Amino acid sequence: MADEVDESLYGDRLPEVRPDLVLSCGDLPFDYLEYLVSRLDVPLLYVPGNHDASVQPPDLTWMPLRHEIPTPGPAGCDNIDGKVVEVGGLRVAGLGGSVRYKRGPNQYTQAQMNRRAVSIGLRLGLKRVRDGRKLDVLVTHAPEFGLVAATDAAHAGFVAFTRLIKQFQPLLHVHGHVHPYGRQLADRQIGVTRVINAIPSRIIEL
Ligand SMILES: [Zn+2]
């Protein structure tokens, strides 16, 4: 899911949806994610979008009372921004944020996102060497560069994502950020990777 609250999930549809895993691509209210994770009772992994508050953990260096500082972000959900995690037999990597277009958290220049992607790529490579397993799902807020005309700076997407996808060939890349405004957008394909704009929500079989 991404960007827009799917009202049907507050109603009768939710009990029919039996996912093994929920992925949020960002820019969703934290209480919506908390509602979903508590009702569905399966792991919910998320990356922040450009409209989300900072979910960086506070710098605890000078704070002795560590256990009393709550983790920012939706309760019960796992922030996978800049991380590689294994959930339900899947290897999932996350990169939140959009192309920088104003002040605020969760925005990056192409060079900054490139560094984040290189860092996640290093970890993916090391894990693959160790256990022979590849990346299954890449979760991002913004799309890869080129989906939207580059003149639309806020929605242009990241060059680094295309490279990451070509290098690691996940089964699936899910993102949000580019609003379809009610239209159903066609899924895309980069090599073997299915690329899906998840706004507002999609059920995906892997
Ligand atoms: Zn966005």
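In each ligand, atom 1 is the first atom listed, and ligand 1 is the first ligand listed. Please read these numbers as outputs of a predicted model, since none were measured by experiment.
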Regarding [X], does it place an N, O or S atom less than 2.8 Å from the Zn ion (ligand 1)?
X    : value
S98  : no
H155 : no
H51  : no

Sub-6.0 Å ring centroid separation between F158 and F161: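 Ring-ring flag for F158/F161: true, centres closer than 6.0 Å.
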
Aromatic contact, H175 with H177 (centres under 6.0 Å):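 Between H177 and H175, which both carry aromatic rings, the centre distance is not below 6.0 Å.
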
Atom name in [X], limited to N/O/S, at shortest distance from the Zn ion (ligand 1):
X    : answer
H177 : ND1
H141 : NE2
D27  : OD2

Sidechain N-carboxylate O distance under 4.0 Å for K83, D78: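 Looking at D78 together with K83, the answer is no, because their closest N to O distance does not fall below 4.0 Å.
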
Same apolar cluster: I120 and V99, side chain cutoff 4.5 Å: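 Yes, because I120 and V99 connect within a single hydrophobic cluster, where side-chain heavy atoms sit under 4.5 Å apart.
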
Distance, nearest 0.5 Å, that separates CG of D3 from CG of N197: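 Reported value, rounded in 0.5 Å steps: 7.5 Å.
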
